Amino acid sequence: MFSVLVLLVVFSIHGITVNAAGDLVSGVCQKTASSNPSVTYGFCSSSLQANPKSRTSDIFGLGEISLQLSLSKAAYVTSRINSLKDGRINPDVKATLNACSTYYRNVVSNVQGAINAFKGRDFASAGSQIASALESAQDCKDGFVAGIVAPVEDDVEASINLIYISFSIAGMN
């Protein structure tokens with residue numbers, strides 16, 4: 001009887017730990033989605049939970065995860081922009097991609113700066129760097145010519161949303 005009781009207590013504690021981490025991601029994503037309608041709860045949650053460490057992370061750990069996701073996506077967007085702009089494309093799209101290439105070099109640099117500041121627990125500087133990254137990514141998006149679909153628009157939108165998640169988490173630290 002005693003061993004059954006001990007097992008129940010152990011399983012209960014384990015369940016609380018798992019639920020607490022899940023609740024943290026859920027809470028972060030609810031707060032993020034409510035403060036920016038472009039970031040859906042589902043996008044936030046699936047993005048953070050794609051990293052298995054999110055299940056056991058505290059808010060600081062989620063911040064690191066979100067910044068790494070932001071950096072990976074920004075690097076991917078940069079690479080994709082650079083490969084597309086050298087191809088045969090509409091001149092308006094090419095001009096937009098050239099501008100976006102510059103903006104995304106800034107995004108990558110700012111996110112790297114935010115990661116360094118965040119690791120040093122300088123959340124004000126991290127927030128400032130993230131805000132700059134967000135502004136540059138948004139400038140790229142704003143440059144898309146109406147009626148012409150740039151081949152990276154969806155990736156840029158996802159990048160902006162990931163950066164916003166990082167911005168939201170940095171504000172929670």
Side-chain angles (χ1 to χ4, degrees), residues 12-82 99-144 150 152-173:
S12 295
I13 291 171
H14 180 65
I16 290 169
T17 302
V18 170
N19 288 339
D23 288 346
L24 181 59
V25 170
S26 178
V28 163
C29 291
Q30 285 175 353
K31 183 173 182 177
T32 301
S34 70
S35 66
N36 184 340
S38 296
V39 182
T40 66
Y41 173 85
F43 176 83
C44 177
S45 180
S46 65
S47 296
L48 292 175
Q49 290 177 350
N51 184 322
K53 291 180 181 178
S54 69
R55 293 184 204 116
T56 57
S57 291
D58 59 7
I59 192 69
F60 183 79
L62 287 182
E64 289 182 317
I65 289 168
S66 71
L67 284 165
Q68 287 300 326
L69 289 169
S70 296
L71 181 60
S72 293
K73 186 57 140 181
Y76 171 77
V77 170
T78 301
S79 174
R80 186 135 187 261
I81 287 169
N82 289 333
C100 282
S101 178
T102 300
Y103 290 131
Y104 263 84
R105 277 194 301 270
N106 294 337
V107 171
V108 168
S109 176
N110 287 131
V111 173
Q112 287 171 332
I115 289 170
N116 292 335
F118 198 83
K119 285 181 178 179
R121 297 191 182 264
D122 182 355
F123 303 118
S125 292
S128 177
Q129 292 281 336
I130 296 167
S132 294
L134 215 89
E135 183 178 343
S136 291
Q138 189 64 49
D139 286 343
C140 171
K141 179 183 173 186
D142 291 346
F144 294 141
V152 293
E153 281 184 83
D154 290 343
D155 291 320
V156 168
E157 186 66 32
S159 174
I160 290 169
N161 289 341
L162 287 168
I163 295 166
Y164 191 82
I165 293 166
S166 296
F167 184 73
S168 181
I169 293 172
M172 295 176 197
N173 278 286

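Keep in mind that this is a model prediction, so the values were computed, not measured. Nothing fancy with the numbering, it's 1 onward along the sequence.
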Please evaluate residues Leu48 and Ser66 with respect to the criterion side chain to side chain contact (heavy atoms under 4.5 Å, CB included), reporting the C-alpha separation (whole Å), side-chain torsions for both, the decisive distance (0.1 Å), and the verdict.
CA-CA 7 Å; Leu48 292 175; Ser66 71; 4.0 Å; yes
Could you go through Val156 and Tyr104, starting from their C-alpha distance and side-chain angles, then the distance that decides it, and tell me whether this counts as side chain to side chain contact (heavy atoms under 4.5 Å, CB included)?
CA-CA 9 Å; Val156 168; Tyr104 263 84; 3.8 Å; yes
Starting from the C-alpha separation in whole Å, work towards a yes-or-no answer on side chain to side chain contact (heavy atoms under 4.5 Å, CB included) for Cys44 and Tyr164.
CA-CA 10 Å; Cys44 177; Tyr164 191 82; over 6 Å; no
Give the C-alpha distance, both sets of side-chain angles, the deciding distance and a yes or no for side chain to side chain contact (heavy atoms under 4.5 Å, CB included) between Cys29 and Phe43.
CA-CA 9 Å; Cys29 291; Phe43 176 83; over 6 Å; no
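Between Ala126 and Phe118 the shortest heavy-atom distance is CB-N, 3.9 Å.
Taking the six-membered ring for Trp and thresholds of 30 and 60 degrees, Phe123 and Phe60 have ring planes more than 60 degrees apart, a perpendicular arrangement.
Asp142 and Gln138 are linked by a side-chain donor-acceptor pair at a separation below 3.5 angstrom, with hydrogens and angles left out of the test. Residues Ser38 and Asn161 have side chains that never bring a donor and an acceptor to within less than 3.5 angstrom of each other.
Side-chain atoms of Ser54 do not come within 3.5 Å of backbone N or O of Ala50 as any donor-acceptor pair. With hydrogens and angles ignored, the 3.5 Å screen pairs no side-chain donor or acceptor of Ser159 with any backbone N or O of Asp155. With Ser79 contributing its side chain and Tyr76 its backbone, the two residues share no donor-acceptor pair below 3.5 Å.
Counting non-hydrogen atoms of other residues, nucleotides and ligands closer than 6.0 Å to CZ of Phe167 gives a total of 12 or fewer.
At least one side-chain heavy atom of Ile130 sits less than 4.5 Å from a side-chain heavy atom of Leu67.
A salt bridge does not link Glu64 to Lys119: none of the charged side-chain nitrogens sits closer than 4.0 Å to a carboxylate oxygen.
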